[in-house]
Amino acid sequence: MKVRRSDRLVDMTRYLLERPHQLVSLTFFAARYESAKSSISEDLTILKRTFQARGTGLLETVPGAAGGARFIPYILREEAEQFVDEMITELSEADRYLPGGYVYMSDILGRPSALRQIGRILATQYLNQSVDVVVTVATKGIPLAQSVANYLNVPFVIVRHDSQITEGSTVSVNYVSGSTKRIERMALSKRSVKPNSRVLIVDDYMKGGGTVGGLRSLVDEFDSQLAGVAVFAEGDFDGQRTVSKYTSLLKIQTADEQIRVAPGNYLTQIFGDDQNSLN
């Protein structure tokens, strides 16, 4: 049945948003709505203009017989800064302080609206970079990794501290915790990451960087390359971190049972001093 343009635009928007980074052919849309390709092209032009004006993302159009449209989500600097400021206010609450200098974040990392924004922000960094798989370590990093992977439209895999029979054969590494200096172990199923993959490491919190260092060692064991390291928050650390290249949304300091939260290095590294970046 032929579909009206207003209905097409709604359905095309939903279809593209649910499949980021996936090329969808004009032939598919033309058959789906029983419309001419010229009409579909006009629809895509409208969506492209609207997505860009609203800061929703890019809509790439690929010409040719095998061409189509590909939606690439991103976030504008202004919206990213607003979210970071909201997180700073919320995490600065005094009752979030935990013994050992940690901060309670589980409620935020379980909130769908926050996870969507975090995933969108972290995925924006890899707007023009290739990522094949997102890797995190159990357990609090799981929802973050899933959100980032959703926006990049790639698989995400979970590294565990103990092997499970349901994982089959695993590859394991020992690493030194950056904060406690204890030797820890982590394992990942051999089927999880293909050789020569570009791997993005995502975690909720980094202090000394030992866990991220262990994940990086696992990436090497799979003959793959590290695409980057992204964390929601980095804690204050007096020693030498085992990881030097990473991005963080927030930086948290705890002293005298007080919490001080500031922006991490993400905004500067991704947007720099150009207020019009991605605008």
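Owing to the predicted nature of the structure, the values given are computational and were not obtained by experimental measurement. As a basis for the values below, the full set of heavy atoms in this structure was taken, side chains included, without hydrogen atoms, waters or symmetry mates.
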Does any N or O in the side chain of [X] come within less than 3.5 Å of the main-chain N or O of [Y], such that one atom is a donor and the other an acceptor?
X      : Y      : result
Arg77  : Ile270 : no
Thr124 : Ile75  : yes
Thr254 : Tyr102 : no
Ser147 : Leu115 : yes
Tyr266 : Ile121 : yes
Asp223 : Asn196 : no
Arg120 : Tyr74  : yes
Arg241 : Lys207 : yes
Asp203 : Val137 : no
Ser189 : Glu167 : yes

If two hydrophobic side chains count as joined below 4.5 Å and joins carry through other members, does [X] share a cluster with [Y]?
X     : Y      : answer
Phe51 : Val62  : no
Leu98 : Leu91  : yes
Tyr97 : Leu109 : yes

Taking all heavy atoms of [X] and all of [Y], pick out the closest pair and write down the distance.
X      : Y      : value
Glu90  : Asp107 : OE2-OD2, 4.4 Å
Leu59  : Leu44  : CD2-O, 3.5 Å
Arg5   : Ile46  : NH1-CD1, 4.3 Å
Val154 : Val131 : CG1-O, 3.2 Å
Ser224 : Lys194 : OG-O, 3.2 Å
Thr56  : Phe71  : O-CZ, 3.7 Å

Pair Lys140 + Asp204: basic N to acidic O under 4.0 Å: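 No.
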Side chains of [X] and [Y], heavy atoms from C-beta outward: is any pair under 4.5 Å?
X      : Y      : result
Arg96  : Ile108 : yes
Thr136 : Val134 : no
Glu93  : Ile259 : no
Thr13  : Leu47  : yes

Got a second to check how far [X]'s [atom1] is from [Y]'s [atom2], nearest 0.5 Å?
X      : Y      : atom1 : atom2 : answer
Ser38  : Leu26  : OG    : CG    : 9.5 Å
Arg185 : His161 : CZ    : NE2   : 11.0 Å
Leu218 : Leu226 : CG    : CG    : 12.0 Å
Tyr151 : Leu122 : OH    : CG    : 11.0 Å
Arg70  : Leu23  : CZ    : CG    : 5.0 Å

Between Tyr33 and Asp43, is a side-chain hydrogen bond (donor to acceptor under 3.5 Å, both in side chains) present by the stated rule, with each step listed? CA-CA 12 Å; Tyr33 308 120; Asp43 294 345; over 6 Å; no
Would one find more than 12 heavy atoms of other residues, nucleotides or ligands at under 6.0 Å from atom CZ of Arg191? no
Are more than 12 heavy atoms, taken from residues, nucleotides or ligands other than Arg54, located less than 6.0 Å from that residue's CZ atom?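 Open.
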Would you say the side-chain atoms of Gln125 and Gln269 include a donor-acceptor pair closer than 3.5 Å?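 No.
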Within 45 degrees of the axis of the six-membered ring of Phe28 and under 6.0 Å from its centre: does Arg32 put its NZ or CZ there?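 Ring-cation test returns no.
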side-chain contact (heavy atoms from CB on, under 4.5 Å) between Val3 and Glu34, intermediate numbers included: CA-CA 7 Å; Val3 180; Glu34 296 184 7; over 6 Å; no
Apply side-chain contact (heavy atoms from CB on, under 4.5 Å) to Leu250 and Phe232, showing your working. CA-CA 6 Å; Leu250 302 168; Phe232 175 59; 3.6 Å; yes
Result of checking Val202, Ile201, Leu200 against Val229 for side-chain contact (heavy atoms from CB on, under 4.5 Å): Ile201
Check the pair Phe271, Glu81 against side-chain contact (heavy atoms from CB on, under 4.5 Å), reporting the backbone distance first and the verdict last. CA-CA 10 Å; Phe271 298 106; Glu81 286 180 334; over 6 Å; no
Between Val24 and Phe29, does the side-chain contact (heavy atoms from CB on, under 4.5 Å) criterion hold? Intermediate values first, please. CA-CA 8 Å; Val24 184; Phe29 280 137; 3.6 Å; yes
